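Values in this document were obtained by computation on a predicted structure and should not be read as measured data.
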Amino acid sequence: MILFDHVSKEYPRSGLALNDVSFQVRKGEFCFLTGHSGAGKSTVLRLIHMADEPTRGEVRVSGYASGKIRPREISMLRRKIGYVFQDFRLLLDRSAAENVAFALQVTGARAAVIRVKVGRLLAQVGLAAKAESYPAELSGGEQQRVAVARALANDPIVLLADEPTGNLDERATRGIFDLFRSINTAGTAVILATHDLELVRQNSGYRVLELDHGALVYDSTSSS
Amino acid sequence: MILFDHVSKEYPRSGLALNDVSFQVRKGEFCFLTGHSGAGKSTVLRLIHMADEPTRGEVRVSGYASGKIRPREISMLRRKIGYVFQDFRLLLDRSAAENVAFALQVTGARAAVIRVKVGRLLAQVGLAAKAESYPAELSGGEQQRVAVARALANDPIVLLADEPTGNLDERATRGIFDLFRSINTAGTAVILATHDLELVRQNSGYRVLELDHGALVYDSTSSS
Amino acid sequence: MPYALREALAAFRRTPVLTGLSATMISLSLFVVGLFGIAAHNIRRVLERVEERVEVVAYLRDDARPDAVRLAQNEIATFPEVREVLYISREQALELAKQELGELRSLFGELEVNPLPASFEIRLKAGHHRPEEVQAVAQRAGAYAFVEEVRYGREWLDKIYLLRRVAGAAALVIGGAFAAVAMLIIGAAVRMAIFARRDEIAIMRLVGATDGFVQRPFLLEGFLTGLLGAALALSFTFLVYRILSGAVFQLEWIPDGWTLSGLAAGGVLGIGASAAAVRRHLRGI
Amino acid sequence: MPYALREALAAFRRTPVLTGLSATMISLSLFVVGLFGIAAHNIRRVLERVEERVEVVAYLRDDARPDAVRLAQNEIATFPEVREVLYISREQALELAKQELGELRSLFGELEVNPLPASFEIRLKAGHHRPEEVQAVAQRAGAYAFVEEVRYGREWLDKIYLLRRVAGAAALVIGGAFAAVAMLIIGAAVRMAIFARRDEIAIMRLVGATDGFVQRPFLLEGFLTGLLGAALALSFTFLVYRILSGAVFQLEWIPDGWTLSGLAAGGVLGIGASAAAVRRHLRGI
Ligand SMILES: Nc1ncnc2c1ncn2[C@@H]1O[C@H](COP(=O)(O)OP(=O)(O)OP(=O)(O)O)[C@@H](O)[C@H]1O
Ligand SMILES: Nc1ncnc2c1ncn2[C@@H]1O[C@H](COP(=O)(O)OP(=O)(O)OP(=O)(O)O)[C@@H](O)[C@H]1O
Ligand SMILES: [Mg+2]
Ligand SMILES: [Mg+2]
């Protein structure tokens with residue numbers, strides 16, 4: 001469902017952020033994306049999200065190919081992808097509930113449906129009590145959980161999570177991770193970028209992709 | 001040097017973020033501040049920074065008392081406090097080097113001095129190669145390291161670090177932590193808010209303050 | 001589209017300064033246009049009134065026979081362009097001349113003979129003052145044998161027509177310039193509104209909002225802001241009209257059609273400027 | 001303060017739209033003030049020229065002795081307010097009257113006697129046209145025995161003075177209104193500039209920048225923007241002046257002092273609006 005075909009990404013001031021990366025992620029797969037700071041993890045997720053185009057090679061997601069996809073199709077694709085951004089990207093002038101609701105409004109969902117779903121999602125991330133708080137009134141970890149709730153709103157077929165537990169304590173991390181696992185069990189593919197090697201070690205059953213200076217240096221599926 | 005005297009902080013929509021917290025941090029002390037997400041860690045640091053006033057009780061920092069301090073004194077105090085913000089707070093229209101330089105310009109430092117110092121600081125956090133990059137061109141971990149460099153720019157007497165390694169891999173985390181330790185050895189007090197219990201366990205010699213729902217539930221100094 | 005409307009209204013609440021500024025811009029520019037409209041309308045009215053007073057004067061020979069004169073007077077009155085025909089006798093002419101000359105009146109007191117001729121003053125119907133029409137009437141009146149000479153202020157008439165044409169051109173040029181400036185200002189205000197919300201827009205697109213979905217609230221907001229601005233401008237214009245009208249000149253309020261056009265123009269200006277700014281700026285986010 | 005200057009210039013580079021808009025606002029408002037200035041200056045000049053033509057006319061008795069008249073003429077010419085005294089004989093008066101009456105000229109051809117008196121036309125020096133002065137000259141000229149009557153267009157003179165006073169008041173009111181609007185617009189633009197950089201300002205304060213340090217670049221930027229706007233306005237005004245002056249009327253350019261005041265006003269307006277907006281807004285960040 002996600003295919004990287006000899007993908008390189010070059011930024012003007014930084015040189016190669018990705019260097020000839022090829023891999024494939026199947027429907028319903030769960031996969032860790034690891035690597036040191038600046039290795040290219042976020043860049044991989046941005047390319048899947050079609051927020052950037054590869055300099056060389058091709059990215060295919062759910063039948064759409066980078067370079068050929070049209071603006072409208074990008075919008076449609078994004079509704080099927082849940083993305084927990086590393087820096088949250090919440091709308092600062094909307095409450096937690098409104099931020100989650102917004103991802104649903106975009107698809108034209110009905111107000112009654114939205115209300116019920118938003119309530120359930122916030123409860124799942126442990127923020128039912130903070131539904132009416134604005135991002136500035138939330139702690140770092142609480143903002144991160146709002147971002148997770150929003151990513152799950154549209155029942156995505158892929159969930160991209162960029163460091164989704166960087167601001168969370170162990171208990172909250174476990175809660176979020178369990179949530180991802182149950183979503184994965186229900187058929188959603190999950191790509192989780194993290195440098196929390198502890199988390200990766202504790203869940204050694206899952207596939208691991210490791211980046212180093214933009215190159216894919218380890219893929220547990222192909223090596224094992 | 002830092003004194004919390006029965007401090008409570010109440011936010012309109014969230015209730016008590018801090019509840020009757022009292023503790024003291026001496027010159028040159030190194031101290032972890034832990035607690036679950038939303039426990040009040042960032043709130044403690046914000047109060048030390050005089051970015052907020054306690055609802056009850058008093059905060060004293062370097063001779064200044066909350067409630068009595070005047071705007072100009074707040075500016076002067078802040079120049080003596082290094083603060084690594086949880087959400088980085090970089091100036092988006094300035095390069096990494098300019099962001100670090102800005103903290104020095106504020107104090108009226110000379111351009112030649114600034115140039116040398118900025119170069120050394122960026123090298124210390126491992127970002128010498130990215131000096132001219134803008135925040136949008138940096139990875140999450142790289143932004144965090146710029147924030148660390150800026151916090152150290154004015155040779156602070158206290159360093160407040162809010163989750164300074166949340167976006168960093170193990171190696172970078174170790175590098176930053178070693179940097180904090182050497183600064184501490186040189187006489188700067190450090191308060192490091194984190195939920196990376198691994199980091200706390202690995203450095204068990206240091207003082208630990210633990211918050212739970214706004215209350216100070218553990219202080220390794222007073223209990224041992 | 002209840003979502004777009006809700007969002008547009010929320011924008012007013014969230015950024016009152018920005019919205020207020022845009023509305024003020026629109027209202028300022030339309031206010032100037034409004035003042036200009038009042039001026040243009042009233043100048044037109046004045047010209048019309050002056051024009052109405054254009055008349056043809058036919059001077060009669062001293063030896064004209066009274067019954068022929070009376071016959072001719074009735075005949076001329078039936079010309080399609082003519083409203084009425086007044087007969088001014090030699091004595092009446094002298095009386096009028098004395099009144100008009102004022103200071104030099106005493107001069108006539110010493111005259112032994114009345115040097116002035118009798119005349120017809122031919123008044124024209126409203127809307128029949130075009131130079132050609134006036135000339136036609138003058139020619140037909142001049143055809144009578146006992147009419148010595150016909151005068152009808154030809155240069156004066158030409159001047160009025162020139163003035164009207166100049167005023168019309170000025171209206172077009174100045175009005176157009178102001179509309180252009182207004183568009184620029186509104187465009188800048190909208191661009192700034194988008195600039196202020198660029199993070200918001202970027203995030204909307206990241207969660208899968210289509211361009212149309214992102215744009216609609218801005219367009220609606222622009223439209224409402226424009227309408228608000230136009231309403232403000234109308235109020236200001238009316239206020240100034242009332243103040244001026246009472247104290248300085250006698251003015252007429254602009255026709256209702258113009259008022260409605262002004263409101264519509266505000267809305268169109270707002271939505272047009274929004275559309276241009278949104279479309280141009282969205283590419284950059 | 002090289003830091004503030006560097007920052008202010010950097011602001012131009014970073015947010016050209018915002019800065020451009022502010023400058024445009026200032027230039028628009030000063031442009032209007034400039035046009036008004038040209039109008040005011042030229043109206044004043046016209047009034048001065050009209051005023052210069054105000055003269056005192058003394059009508060002489062028909063039985064005045066020529067040598068007494070010549071003596072009086074020389075004597076009146078020595079009055080401090082008087083520039084020259086012309087003697088108009090009865091024949092010259094008739095000739096002038098014929099010329100002025102135009103159409104009715106033929107009337108005089110039939111006169112057997114010349115009804116017009118001889119007169120002195122007394123022209124006054126520039127700057128001596130105040131109603132009191134003119135009246136004083138008229139009184140002294142009227143004191144001669146052979147002067148029958150003195151006329152000096154009293155109502156006319158009063159009207160000119162009234163017009164000048166009305167024009168002065170209008171200048172104050174309209175100019176003040178425009179300056180107020182300009183201040184508002186610039187204030188809004190600066191407020192928006194600050195709004196757009198509120199994150200930046202918040203961060204500056206978090207790293208220990210004093211309020212003065214934060215404000216200075218904004219003030220300097222406001223000043224430079226104001227200066228730029230004023231220069232633009234001056235160019236526009238000059239352009240319009242050249243276009244109008246050639247094609248429509250004969251106009252004079254405003255005095256140099258006014259030009260400099262305009263530039264200064266731009267800078268002061270910019271810095272003032274910045275200061276107000278910065279101070280008000282900084283509290284909220
Ligand atoms: N827009 C950009 N312009 C220029 N360089 C960029 C841009 N985005 C990323 N980079 C560079 O590309 C490299 C990879 O960045 P990326 O964000 O993918 O790293 P990452 O693996 O997510 O790191 P982290 O764990 O610190 O978030 C970095 O060196 C970064 O500086
Ligand atoms: N400005 C504010 N207005 C209202 N509530 C606030 C505000 N800032 C913080 N809070 C609330 O106060 C509580 C403590 O927040 P704080 O940021 O101190 O938590 P934290 O310990 O830093 O958590 P994290 O580890 O997730 O960053 C949270 O419940 C938060 O929602
Ligand atoms: Mg990243
Ligand atoms: Mg926090």
Side-chain angles (χ1 to χ4, degrees), chain A residues 11-15 17 34-43 46 85-88 90 95-96 125-127 129-145 162-173 175-176 193-200 210-212 214, chain B residues 11-15 17 34-43 46 85-88 90 95-96 125-127 129-145 162-163 165-173 175-176 193-201 210-212 214:
Chain A
Y11 287 116
R13 228 183 296 261
S14 313
T34 65
H36 61 87
S37 171
K41 303 182 293 296
S42 300
T43 303
R46 257 205 307 277
F85 298 95
Q86 192 168 9
D87 49 359
F88 318 151
L90 299 177
S95 69
V125 298
L127 274 187
K130 300 269 177 182
E132 299 313 320
S133 295
Y134 288 85
E137 301 169 351
L138 294 172
S139 80
E142 287 162 351
Q143 292 180 42
Q144 195 157 41
R145 284 179 277 164
D162 199 348
E163 214 68 68
T165 57
N167 285 276
L168 297 181
D169 55 287
E170 278 178 29
R171 196 162 50 88
T173 299
I176 294 293
T194 186
H195 27 60
D196 188 348
L197 294 184
E198 194 60 31
L199 189 71
V200 178
E210 188 180 338
L211 289 167
D212 188 12
Chain B
Y11 287 115
R13 229 184 295 264
S14 315
T34 65
H36 61 87
S37 170
K41 301 183 293 296
S42 300
T43 304
R46 257 204 309 275
F85 298 95
Q86 192 168 10
D87 49 359
F88 318 151
L90 300 177
S95 69
V125 297
L127 275 187
K130 300 268 176 184
E132 299 313 320
S133 295
Y134 288 86
E137 301 169 349
L138 294 172
S139 80
E142 287 162 352
Q143 291 181 41
Q144 194 157 42
R145 283 179 278 164
D162 198 349
E163 213 67 69
T165 58
N167 286 277
L168 296 181
D169 54 287
E170 279 178 28
R171 196 162 51 87
T173 298
I176 294 294
T194 187
H195 27 59
D196 188 349
L197 295 185
E198 194 59 30
L199 191 71
V200 179
R201 271 178 231 127
E210 188 180 337
L211 290 168
D212 188 13

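- Looking at S42(B), neither its backbone nor its side chain comes within 4.5 Å of chain A, counting heavy atoms on both sides.
- Interface remark: K130(B) contributes side-chain atoms only to the contact with chain A (heavy atom separation under 4.5 Å).
- Chain B forms the most heavy-atom pairs under 4.5 Å with one residue out of E142(A), E170(A), E198(A), and that residue is E170(A).
- Residues satisfying the side-chain hydrogen bond (donor to acceptor under 3.5 Å, both in side chains) test with Q144(A), not counting sequence neighbours, are none.
- Qualifying side-chain hydrogen bond (donor to acceptor under 3.5 Å, both in side chains) partners for T43(A), counting only residues two or more places apart in sequence or in other chains: none.
- Here the options are E163(A), Q86(A), H195(A), the test is side-chain hydrogen bond (donor to acceptor under 3.5 Å, both in side chains), and the partner is N167(B); only Q86(A) passes.
- Ranked by non-hydrogen atom pairs under 4.5 Å with chain B, the options A17(A), A172(A), P12(A), G38(A) are led by G38(A).
- Heavy atoms of other residues, nucleotides or ligands lying less than 6.0 angstrom from CZ of R171(B) number 12 at most.
- Of all non-hydrogen atoms in S37(A) and D169(B), the two that sit nearest each other are N-OD1, 2.6 Å.
- With rounding to the nearest 0.5 Å, the separation of CG in D162(A) from OG in S139(B) is 9.5 Å.
- Heavy atoms only, all atoms of each residue included: E132(A) and R13(B) are closest at O-CD, 3.5 Å.
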